[in-house]
Amino acid sequence: MAEGEGPARYDPEAVEAKWQRRWAERHAFAARVEPGRRPYYVLEMFPYPSGDIHMGHVRNYSIGDVIARQRRMQGDSVLHPIGWDAFGLPAENAAIQNGQPPAIWTRGNIDRMRAQFKRLGISYDWDRELATCEPRYYRWEQLFFLRMLARDLAYKKLSLVNWCPHCATVLANEQVEEGRCWRCESEVTERELEQWFFRITAYADELLRDLDRLSGWPERVRTMQRNWIGRSVGAEIRFPLEGRDERLAVFTTRPDTLFGVTFMSLAPEHPLVPALVAGTPAERAVAELAARVRATRSGGKEGVPTGAFCRHPFTGARIPIWVANFVLMEYGTGAIMAVPAHDQRDFELARAHGLPIRVVVQPEGERLDPDHMEAAWEGPGRLVDSGEFTGLESEVAKERIAAALAAGGQGGPTVSYRLRDWGVSRQRYWGAPIPIVYCDACGMVPVPESDLPVVLPEDVALTGTGGSPLAAHAAFVNTRCPRCGGPARRETDTLDTFVDSSWYFARYLAPRDDATVPFDAREVGYWLGEGGVHRYIGGIEHAVLHLLYARFLTKVLRDLGFLPLDEPFQNLLTQGMVIKDGAKMSKSKGNVVDPDYLIERYGADTARLFSLFAAPPEKDLEWSDQGVEGMSRFLHRLWRLVHGIGPRLAPPGAAVPASPGGVDLELHRLTHRTIARVTVDVVERLHFNTAIAAVMELVTGIADAAPKAAPAVVREAVDTTLRLLAPFVPHVASELWEASGHTAPLDAERWPVADPAALVREVVEMPVQVNGRLRGRVTVPADASEADVVAAALADPQVQAHVGGRALRKRVVVRGRLVSLVV
RNA sequence: GCGAGAGUGGCGGAACUGGCAGACGCACGAGACUUAGGAUCUCGCGGGCAACCGUGGGGGUUCGAGUCCCCCCUCUCGCACCA
């Protein structure tokens, strides 16, 4: 049937509007606890409401929707919610630019994006929608904060922090990339500020250990988190300081090299440094080094002596103390014992300044000579010149020496982490207020839980200058001390938005009345009780930041008694980026494809289908305008097939003949083979591209067979096609389902199950190899014996020609697969 | 430097535990229907006239290797003076 002929023309806009309306009317995707059914919680990382969706969103949410819709058809009780990560800096920047308050700007964006998501036909339970900027959301976050404070899991301290001058705020370590702000790429500087922290380091071990149990996460993400946590086993060693009643503590992973120490190196910011050099000739040189380090964190090894000394814990030898540019205050104790013979950095510094090099570990079959070494030996070996430990293997010596230190009260075995506590204060307006009050009389006072929420005022003027507008908002700042009733001021820092996104997955399970607890225990038990969200989907860029914070906060909420959960996300799917012309789509590169335009021109189903077909989810997806055309063509072809099939299609429910033959059998088999393939691809492998390819083959098969096949067999094939396509292109599949005579909606249908009888073949075609090369093929009964198969193979003229009457040295028959003959 | 992943037609990508390399789609070519087609349908489409050769390169295991093992090359991502 030609296009443009009346009602049979596929008009995506009309079809999609119709079905979206019906789904909304029926609340078709409302999630309910149904004890008889398997729970399934599928979640995509919620978006920041920037105002417009981009192709990355289309991809992310299409992937989630396929899973959600397929699981529903499979009979699971599916929870598939959506919300908005609504706090954050862009709202403030927009407010400064166009004078619109962040709250108005944000809510307007949410409205626009919600409409776009609805136009995509994503099957969300819209009744559970949330936004982190609403007081009914962040009041619970404030409660968590207070409980964490009471448990010393939140604390405030003066600290050197990362400061972005452009964003005028503090950044977490995780938000600094190559010395630059993760958002605006400004050079990050250091500042000393009173800051709030979450004690994530208290969970370092558990966060690391539980990674081993997250078998449903990509290895890549687990490795990244492991490296980020950075656990090192070693020893702390305390060196007595000469002339002071104090000890200098260092961390080392190589206590076995203790006898090779020839000097100490301190970080320039080490708190002991000023005391050591004050009023000495070294003071100036140390200050200069510190200044240089502040300016540039890279370069060669530099160091200056402080003139101070400490003593070796075992030998009592005098050891000079240096300050070195490469020693990091943030790691270990900010001080190291320098062993030039066995650490390359110490080696370089020692060589530059003529400091002694003392070999204490000799590698197997070699004899290191300090005068002729070109590099430090960092490998294992046997200890020499190490007192009572001489002769030990270095691995053994590590333990012995650490134990000896512990026995002498001079240190002992310890574990060090790279992970730092999470700085959560932000000197910004558009975030959740930290529920703290400062009273002149009582000092820092937590807001009583009964006074929550501390509501963020929305009537603020943002000028972009003069710090946080909260500080200038008298009605917010000025308050009464909850303890003494006297005048007090509120904390004007707000919480990092990553705090908001660390627990939202659980908030979709909010109780209906919302009065006393943040989560509905029954719903939590049902949808999260099997070990967290069943399938979480989002970009790899959150591998450390969001995913580590969410794991941490989940464990905190568990320990606070809010969630019975060790981990938030059982299975993680990290989807790749959408690329065009080899680069990530971005406004600055001018290679952005607007999903709205795509939907207008081709329809949401085409947009979805392309983003699912062009690449498997975890790979980057190269954009192709022609590829989109191809998907559109396929849907038009499907439309014409179903509408043009006429009397060749039996009414719904028609029974397939008990033992079909010929074309009927072939189509019947193809149908069931496709069911099997698509089910594995969608449910187990999450390879939607090959699932769609399989359905395309079935559609081609139907088009070929329809004129000859029995109408009941065609009906089975068509119905199967539409069922299998329902998760991918729900609108057009629903419309064709209805147009072909069904009255019940497709989304309430069951996922098809392959009939094993239709999957077995009576005859199989097998390729035949002679001496490892393909020489022919034979068709034999599927249950033929090995001898029969070989006989059949030898009967093939091609095979015969290559065997040439020679005796068979070996024969391999792989059932249904192949015959291999060796002569 | 350390860690992870990936190299397959002109392109995106298939090939589950070793078993017919290139499914499906795009692009391209030929034909059909047409006043016309950038619509639709049919056929073709890794290279080579052929024997044969082909999954980054070189070895190996095997009846059989894109897949397993060893060495090397290239690219992408993450961390990066972590003591």
Side-chain angles (χ1 to χ4, degrees), chain A residues 1-4 177-178 218-228 230-232 234 250-254 257 265 267 297-301 324-328 330-339 342-346 348-349 378 416-419 540-541 543-544 576-577 579 609-610 613-616 618-631 633-634 636-637 640 677 680-681 684-685 687 689-697 699-700 703 765-777 808-823:
Chain A
M1 193 177 299
E3 269 194 88
E177 296 167 352
E178 291 179 14
E219 189 52 46
R220 187 148 80 111
V221 175
R222 294 199 281 170
T223 306
M224 280 164 74
Q225 292 209 356
R226 249 178 230 122
N227 293 343
W228 190 264
R231 182 178 197 264
S232 298
V250 304
F251 171 75
T252 179
T253 55
R254 295 294 305 272
T257 64
S265 293
R297 250 306 177 191
S298 57
K301 307 287 173 286
N325 67 340
F326 60 87
V327 180
L328 305 172
E330 310 89 72
Y331 186 74
T333 63
I336 61 168
M337 61 177 207
V339 185
H342 304 296
D343 182 286
Q344 185 58 26
R345 294 155 302 181
D346 300 339
E348 287 172 32
L349 194 63
E378 296 182 338
S416 188
Y417 297 91
R418 208 190 78 107
L419 185 70
I540 187 81
E541 66 272 19
V544 174
M577 292 185 303
I579 305 278
L609 196 62
F610 175 73
F613 178 75
E618 56 303 341
K619 291 188 71 167
D620 286 348
L621 185 159
E622 174 72 35
W623 183 262
S624 157
D625 291 322
Q626 284 124 345
V628 175
E629 293 272 359
M631 294 304 104
R633 273 204 288 272
F634 169 69
H636 276 98
R637 189 156 64 237
R640 284 193 307 271
R677 282 173 68 186
V680 169
D681 281 349
E684 286 165 33
R685 306 205 312 146
H687 277 199
N689 53 335
T690 47
I692 293 165
V695 179
M696 286 173 166
E697 288 182 63
V699 169
T700 304
E765 192 190 62
M766 288 164 68
V768 182
Q769 289 181 354
V770 180
N771 287 347
R773 309 187 87 102
L774 185 68
R775 295 304 184 190
R777 50 192 73 232
L808 291 185
R809 259 193 26 223
K810 187 162 184 173
R811 57 192 78 187
V812 180
V813 176
V814 184
R815 277 232 150 170
R817 279 288 187 185
L818 145 154
V819 188
S820 185
L821 306 173
V822 186
V823 297

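In the text below, chain A, chain B and the rest are named by the order of the sequence lines, each starting its count at 1.
In this structure, B:A30 forms a base pair with B:U42, meeting either the Watson-Crick or the G-U wobble geometry with both donor-acceptor distances under 3.5 Å. Remark: B:U67 base-pairs with no nucleotide; criterion is Watson-Crick or G-U wobble with both hydrogen-bond distances under 3.5 Å. The partner of B:A83 is absent, by the rule that a Watson-Crick or G-U pair needs both atom distances under 3.5 Å. Pairing for B:G3 goes to B:C77, judged as Watson-Crick or G-U wobble with the two contacts each under 3.5 Å. A 3.5 Å limit on both hydrogen-bonding distances identifies no Watson-Crick or G-U partner for B:A21.
Taken to the nearest 0.5 Å, the CZ atom of A:Arg345 stands 7.0 Å off from the CD atom of A:Glu378.
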Pairs: protein N or O with nucleotides 53-56 of chain B N or O, under 3.5 Å:
residue: B:C53; atom: OP1; partner: A:Arg773; partner atom: NH2; Å: 3.3
residue: B:C53; atom: OP2; partner: A:Arg773; partner atom: NH2; Å: 2.1

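For the C1' atom pair drawn from B:G56 and B:C52, the interatomic distance equals 23 Å after rounding to whole Å. Taking the P atoms as reference points, B:A6 lies 12 Å from B:C69, given to the whole Å. The gap from the P atom of B:C24 to that of B:C73 amounts to 39 Å, rounded to the nearest Å. Comparing the same atom, C1', in B:G31 and in B:A23 gives a spacing of 25 Å after rounding to whole Å. Look at the P atom in both B:U67 and B:G9: the space between them is 15 Å, to the nearest Å. Between B:A32 and B:U8, the two C1' atoms lie 35 Å apart (nearest whole Å).
Nearest nucleotide to the A:Pro616 side chain, out of B:C16, B:G13, B:A83: B:G13.
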